[in-house]
Number of protein chains: 2
Amino acid sequence: MNLNLENSKTQMRRGILELCALSIIARGEMYPSDIIEEMKRSDLLVMEGTLYPLLTRLKNAGLLTYRWEESKTGPPRKYYALTPEGELFKNELQLTWQELVNAVNSVNSSSTTQNIPSHE
Amino acid sequence: MNLNLENSKTQMRRGILELCALSIIARGEMYPSDIIEEMKRSDLLVMEGTLYPLLTRLKNAGLLTYRWEESKTGPPRKYYALTPEGELFKNELQLTWQELVNAVNSVNSSSTTQNIPSHE
DNA sequence: ATAAGGTACTATGTTTTGCAAGGTACTGTA
DNA sequence: TACAGTACCTTGCAAAACATAGTACCTTAT
């Protein structure tokens, strides 16, 4: 039951990666190493062992498709793209994310003013 | 392997509740039903079965303390308050949260401009 | 006194997911 | 053939949210 910052960060990442992967792929076809690079660029570290199962889940849910493409520097790559359903779901997730941000801001902002002076 | 909005919402909530609970308690002593009410007010639904174990974890980690207080309308209540360590940890979590928000915004914002015209 | 109903706290089992670690397979070079 | 690099995949573990059920205390009514 380790309660440290690293662990909390991991917990916060949950459910966010789904949205971020969809958002990044929405820019255009991408293969996993590209996606990892893009996330790194935004200070969102992702492990291979996280991303591959995630992409498989999204593909099985009909939100992504992929095509194989040969590479000159190694084995062939899976280039992912959004399906129409994926586009819809991405938009819903963005809305959900925005609502969550608002909720957290709301909880945190009211902490400064409220000190509830007790009658005395 | 259900991939629906409700599930994604739940996953996004993860790790946030810890921060929100600390933030709410930071306003002053609270007992669990109060906290649930406060969160509901900010559109952050929490189940009893989630909050009670969470508070226990935070207390065992030395971030919270509590005292019993009698109630006129039912059994005694556990009023929680932050320890100095809890205050510190709350601040760290807020920073972590802000970094995450920035990262997600960064990923989502660049989706409009980037279309990477390929050389041809 | 006892029963009923509400409030508050606790415990158990399931599910999901991030991550670490390890594995497979294709490519080019020495 | 051996190797290094790239890319993809799988397995097992741990943490946490939730549903559900249960315990305990208090007040009120019969």
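From a predicted model like this one, the values you see are computed outputs, not experimental measurements. Residue numbers begin at 1 in each chain, while the letters A, B, ... track the order of the sequences.
The Tyr31(A) side chain lies nearest to dA7(D) when the options are dA7(D), dC9(D), dC18(D). Closest approach to the Pro32(B) side chain among dT6(D), dC9(C), dC19(C) is made by dC9(C) (side chain taken as heavy atoms from C-beta onward). Of the candidates dA8(C), dT16(C), dG18(C), dA8(C) carries the atom nearest the Pro75(B) side chain, counting heavy atoms from C-beta on. Checking dG18(C), dC8(D), dA16(D) against the side-chain heavy atoms of Gln11(A) singles out dA16(D) as nearest. Listed nucleotides: dC26(C), dT17(C), dC18(D). Nearest to the side chain of Leu3(B): dT17(C).
You won't find any donor-acceptor pair under 3.5 Å spanning the side chain of Glu48(A) and the base of dC19(C), going by distance alone. With hydrogens and angles left out, the side chain of Arg77(A) and the base of dA7(D) share no donor-acceptor pair within 3.5 Å.
Nearest-nucleotide positions on DNA chain D for Thr73(A) and Glu18(B) put Thr73(A) closer to the 5' end. For Val46(A) and Gly74(A), each mapped to the nucleotide of DNA chain C holding its nearest heavy atom, the one lying further toward the 5' end belongs to Val46(A). Positionally, the nearest nucleotide of DNA chain C for Gly49(A) lies more toward the 5' end than for the other of Ser71(A) and Gly49(A).
Within the structure, a side-chain polar atom (N or O) of Ser33(A) is placed less than 4.0 Å from OP1 or OP2 of dA7(D). OP1 and OP2 of dG18(C) both lie 4.0 Å or more from every side-chain N or O belonging to Thr10(A). One finds a side-chain N or O of Arg13(A) lying less than 4.0 angstrom from the OP1 or OP2 phosphate oxygen of dC19(C). Look at Arg57(A) and you won't find any side-chain N or O under 4.0 angstrom from OP1 or OP2 of dC9(D). Note on Thr50(A): a side-chain N or O is less than 4.0 Å away from OP1 or OP2 of dC19(C). Taking side-chain N and O atoms only, Tyr52(A) has no distance below 4.0 Å to OP1 or OP2 of dC9(D). Taking only side-chain nitrogens and oxygens, Asn7(A) never comes nearer than 4.0 Å to OP1 or OP2 of dA14(D). Distances shown here put a side-chain N or O of Lys78(A) below 4.0 Å from the OP1 or OP2 atom of dC9(D).
Across all strands, Pro53(B) comes closer than 4.0 Å to no nucleic acid atom at all (heavy-atom distances).
Rounded to an integer number of Å, the gap from Leu44(B) CG to dA17(D) C1' is 13 Å. The CG atom of Leu55(A) sits 14 Å away from the P atom of dA7(D) (whole-angstrom rounding). Between the CG atom of Leu19(A) and the P atom of dT17(C) there is a distance of 14 Å, given to the nearest Å. When the C1' atom of dA16(D) is taken as reference, atom CG of Leu45(B) falls 17 Å away, rounded to whole Å. As a whole-Å value, the separation of Leu93(A) CG from dT17(C) C1' is 15 Å. Protein atom CD of Glu70(B) is 13 Å distant from nucleotide atom C1' of dA8(C), rounded to whole Å. Atom OH in Tyr66(B) sits about 12 Å away from atom C1' in dT10(C), given to the nearest Å. Nucleotide dA17(D) holds its C1' atom 14 Å from the CG atom of Asn4(B), rounded to whole Å.
Ser23(B) and Lys90(B) get closest at one heavy-atom pair: CA-CD, 4.0 Å. Closest non-hydrogen pair, Val107(B) versus Arg27(A), comes out as O-NH2, 3.2 Å.
In this structure, Tyr79(A) has its ring center under 6.0 Å from that of Tyr31(A).
Distance NZ/Lys9(B) to CG/Leu93(A): 10.0 Å, rounded to 0.5 Å. The line from CG of Leu64(B) to CG of Leu22(B) is 6.0 Å long, rounded to the nearest 0.5 Å.
Contact of the Leu63(A) side chain with the Leu88(A) side chain is not registered, since no non-hydrogen atoms from C-beta on lie closer than 4.5 Å.
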Practice task
For Met12(B) and Leu19(A), run side chain to side chain contact (heavy atoms under 4.5 Å, CB included): C-alpha distance rounded to whole Å, both residues' side-chain angles, the deciding distance at 0.1 Å, then the answer.
Solution key: CA-CA 10 Å; Met12(B) 278 193 190; Leu19(A) 166 58; 4.2 Å; yes
